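Comments concern the structure below.
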Amino acid sequence: MKEAYYFSHDSNARHDPKVLSMRSVYGSEGYGWYWIIIEMLREQDDYKIEINKYVWNALAMQTQCNADAMHSFVDDCINEFNLFESDGEFFWAESLKRRMDIRNEKSEKARKAAEARWGKASGTKVSAKSKNVQSEDDASAMQTHSDRNAIKERKVKESKRKESKKNIYAEYVSLTTDEYEKLVSQHGEDATKKMIEVLDNYKGANGKKYKSDYRAILNWVVDRVKEEKPSGQDTRSFKQAPRTNGRQYDTSLPEFNYEQR
């Protein structure tokens, strides 16, 4: 898993003329899409995303929109708003690459300076006084390195907390972003919304609570929605929920016909 590194983000980026042009068409939703894509570009080794037949689906999953909308958005950011650049095989943000080049250059200088302080870049002997100065510099470098590691660790923990945070998708149904995206990936967005609606109505009417709404959807809501789907419609988007051998579902509710698992 890649570490969660930061990148600089101007606090007045929303006032950039190119960004304003994009916002005039796509609004705040497009502004959110733009920064999600920038974050994804930052995670790539060369800060570029390859353009292939699946890339729009991948971006759509991250931005929670459909693939066609994401394709149009990126095309406009390349050809209309000049927020991205493309050579036909990849696309990237020149502003991000420029900032990362500056950051990488500073990091490389700091690395070489640290190597010099530790005597890795030079084998010359130094006086006792110089050694004392060197020791002080080394201690300072170690402290700085320790502080940076602490900041990295804190950012990773914050990232994990955000990933586990549950979002409210209905009055009585909450899921993490990852759980919602898994359902959409397996069953499609329309079916997922229907599953959330069924679980929301059931919990609201019966006062039922689950430790995990996601597990409840897998346990019985998937089958329930599949059974309710009108005959003659394509049911390939509905996949069978995971079953546990020997597990007995609650059959005390007359409105649902649960099978012995």
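Numbers here simply count residues along the sequence, with the first being 1. All values derive from a computational prediction rather than experimental measurement.
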Are side-chain heavy atoms of [X] and [Y] found at a separation under 4.5 Å?
X: Tyr180; Y: Lys166; result: no
X: Phe84; Y: Leu41; result: yes
X: Arg42; Y: Tyr47; result: yes
X: Phe81; Y: Asp16; result: no

Enter the distance from [X]:[atom1] to [Y]:[atom2] here, rounded to the nearest 0.5 Å.
X: Lys226; Y: Met195; atom1: NZ; atom2: CE; value: 10.5 Å
X: Asn167; Y: Leu175; atom1: CG; atom2: CG; value: 8.5 Å
X: Asn104; Y: Arg111; atom1: CG; atom2: CZ; value: 12.0 Å
X: Ile49; Y: Met40; atom1: CD1; atom2: CE; value: 4.5 Å
X: Asp223; Y: Leu218; atom1: CG; atom2: CG; value: 10.0 Å
X: Ser212; Y: Asn219; atom1: OG; atom2: CG; value: 8.5 Å

Using a 3.5 Å distance criterion without hydrogens, assess whether the side chain of [X] forms a donor-acceptor pair with backbone atoms of [Y].
X: Arg23; Y: Tyr31; answer: no
X: Asp213; Y: Ser174; answer: yes
X: Asn206; Y: Tyr202; answer: yes
X: Thr192; Y: Leu183; answer: yes

Output field: ring centroids Tyr210/Tyr172 closer than 6.0 Å
no
Show me the donor-acceptor pairs, under 3.5 Å and distance only, between side chains in residues 72-80 and residues at least two apart or in other chains.
residue	atom	partner	partner atom	Å
Ser72	OG	Asp68	O	3.2
Asp75	OD2	His71	NE2	3.4
Asp76	OD2	Tyr26	OH	2.5
Asn79	ND2	Asp75	O	3.2

Same cluster or not: [X] versus [Y], using hydrophobic residues (I, L, V, M, F, W, Y) connected whenever any side-chain heavy atoms lie under 4.5 Å apart?
X: Ile37; Y: Val25; result: yes
X: Trp92; Y: Met70; result: no
X: Tyr34; Y: Phe90; result: no

Let's go through Trp35 and Val19 carefully: what are the C-alpha distance in whole Å and the side-chain angles of both, what is the deciding distance for side-chain contact (heavy atoms from CB on, under 4.5 Å) to 0.1 Å, and is it a yes or a no?
CA-CA 11 Å; Trp35 283 111; Val19 173; 6.0 Å; no
For the pair Lys109 and Glu105, evaluate salt bridge (charged side-chain N to carboxylate O under 4.0 Å, His left out) and give the outcome as yes or no after the intermediate values.
CA-CA 6 Å; Lys109 288 181 179 179; Glu105 182 180 356; 3.7 Å; yes
Atom pairs and distances, side-chain donor-acceptor, residues 50-64, under 3.5 Å, sequence neighbours left out:
residue	atom	partner	partner atom	Å
Asn52	OD1	Tyr54	N	2.9
Asn52	OD1	Val55	N	2.9
Thr63	OG1	Leu59	O	2.7

Atom of [X], atom of [Y] and distance for their closest heavy-atom approach:
X: Cys65; Y: Ala69; result: SG-CB, 4.4 Å
X: Val225; Y: Lys194; result: CG1-CG, 3.7 Å
X: Met22; Y: Leu83; result: CB-CD1, 3.8 Å

With a cut-off of 6.0 Å (strictly less than), are more than 12 heavy atoms of other residues, nucleotides or ligands near NZ of Lys203?
yes
With a 4.0 Å cut-off on N to O distance, would you call [X] and [Y] a salt bridge?
X: Glu115; Y: Lys112; value: no
X: Lys182; Y: Asp178; value: yes
X: Glu228; Y: Arg224; value: yes

